[in-house]
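Written below as structure tokens is the structure these notes are about.
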Amino acid sequence: MELGSRPARPLYAVLQGEVNAFLERLPPAHAAWLRATGFTGKDGELALLPGDGGALAGAVLGLGKGRDPHALALFSERLPSGIYRLEYVPDGFGGARALYGWAIGTYRFERYRRTPRATSREDPRLVIPEGVDAETVSRVAEGVFLARDLINTPANDMGPAELEMAARKIAEAQGATVSVIEGGELLKSDYPLIYTVGQASPRTPRLIDVVWGRDEHPKVTLVGKGVCFDTGGLDLKNASGMATMKKDMGGAACVLGLAHAIMESSLPVRLRVLIPAVENSVSGVAYRPGDVLPSRKGLFVEIGNTDAEGRLILADALAEADREEPALMFCLATLTGAARAATGMELPPFFTDDDGLASDLMERGREVHDPLWRLPLWRSYETAIDSPIADVNNAPDYPLAGAITAALFLDRFVSNTKCWAHFDIPAWTDRPKPGRRRGAEANGLRAMFAVVRQRFGRTP
Ligand code: BES
Ligand code: MN
Ligand code: ZN
């Protein structure tokens, strides 16, 4: 295998328990080198193999017990530039998975670095493994990178207007139609919750509405929480609570990344993306605890806490999405701290009444290693969002099961759409791993793409 005239260097990935057998099969000089330098195959161990005259001949990666399916990202993260090919990887690590791992290992967020880092170099390149649908892998990886970039961008450069610009760029590249309802127009068009949550900020709130695809195709609608910064409003967050709240538009970023992958793959669907984009800010015109607000759906909402703002703006967007009764609807949001308490940062919970959709999401998520976990819409907790004076309260009066009561709140605003799920995602990595640096993560994007493709893709 050669690219141009330069031969591709061989790469090997090996489980710790299989190191001895692996060394037996390796050219003797390389096996001797690995023995002499004490290669054990532990997770994340990268050994460079010497060639003639001091050249680099290849590399070996230790996989430990093989628990991380994206472990091969370490290759593209660490290897010197040049061209490589996968000579040997254990079952379950090759093919599309290897290519995706390689792709995410190249992700960097360098918008704010004027001076290149000491480790920076031209990305190493991989000969595409045989039989892999490289186009699909790269469309999905592009979607993930897009979402991560949007989330990593700090709030000073990523307000509602900038989020709109980003949506326009992604949509217009695919010939999609974008319409935006902004500021006072939100009230005239009957989006009172989006307007009111966003009105304390000089950066005007808006509803971004992207439509793509042919009308006769099944409707797939994606709704994403676009809180460009969440101070908590008057029920202000403390310093540590606010620290990462630039990521509170993570739902919006992920639906845009997912939309990119869907459109770029020309899936036969009529796609709609709805993003309520606001900044949850503090000022004299901020909405207050105790206020009662009307909503697009018609329900009155009592404000128990201005920090439960995500469910408010989503309520108006979901009510609009639900009018069309899409065949499939996903709602993505960094909605509650309680979701993190329940399943941590690596396993975002989702909620749906549709058992078939739930099992598809769990299965596809497991397959592509974008794990998700179903939590119940436990109706008996619904009394927690009762209000003494209005139809519903935005903050539960029950301190437990906060991710569930938030999902139950959203559920009140969807009545026609049968097949839909809400994802309470962290949009963040706090324990870095190969290909997943500390910072933004596009949770669920790949699992959802796989489900959309499974359900609506053209059969080859
Ligand atoms: N954006 C936050 C939720 C959040 C916090 C996501 C930390 C990821 C990490 C959301 O707007 C919020 O503040 N939720 C409150 C709701 C409460 C006031 C009912 C929460 O979870 O504490
Ligand atoms: Mn909040
Ligand atoms: Zn929020």
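As a basis for the values below, the full set of heavy atoms in this structure was taken, side chains included, without hydrogen atoms, waters or symmetry mates. When a ligand or atom number is given, it counts from 1 through the structure's own listing order.
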Restricting to N/O/S, name the atom of Glu309 that gets closest to the Zn ion (ligand 3).
OE2
Enumerate the atoms of ligand 1 whose separation from the nearest heavy atom of Thr334 is less than 4.0 angstrom.
1 (N), 2 (C), 3 (C), 6 (C)
Which N, O or S atom name in Glu309 marks its closest approach to the Mn ion (ligand 2)?
OE1
Under the 6.0 Å and 45° cation-pi test, does Arg139 pair with Phe449?
no
Aromatic ring proximity, centroids under 6.0 angstrom, Tyr398 and Tyr381
yes
State whether Asp248 contributes an N/O/S atom found under 2.8 Å from the Mn ion (ligand 2).
no
If hydrogens are left out, which of Gly337, Gly233, Ser240, Gly250 has an atom nearest to atom 21 (O) of ligand 1, that is, the closest non-hydrogen atom?
Gly337
Atom name in Asp230, limited to N/O/S, at shortest distance from the Mn ion (ligand 2):
OD2
Can you tell me if an N/O/S atom from Val227 lies under 2.8 Å from the Zn ion (ligand 3)?
no
What is the name of the N/O/S atom of Asp248 that is nearest to the Zn ion (ligand 3)?
OD2
Nearest non-hydrogen atom to atom 19 (C) of ligand 1 belongs to which of Lys225, Met345, Arg311?
Arg311
Does Arg148 qualify as a cation-pi partner of Tyr107, given the criterion of NZ or CZ under 6.0 Å from the six-membered ring centre and within 45 degrees of its axis?
yes
Polar contact flag for Thr336 and ligand 1 (N/O pairs, less than 3.5 Å):
no
Between the candidates Met245, Met242, Arg340, which shows the shortest non-hydrogen contact distance to atom 5 (C) of ligand 1?
Met245
Take atom 14 (N) of ligand 1 and look for protein heavy atoms under 4.0 Å from it; say yes if you find one, no if not.
yes
Below 4.0 angstrom from a heavy atom of Lys247, which ligand 1 atoms are there? Numbered from 1 as shown, please.
8 (C), 9 (C)
Do any of the N, O or S atoms of Asp230 sit under 2.8 Å from the Zn ion (ligand 3)?
yes
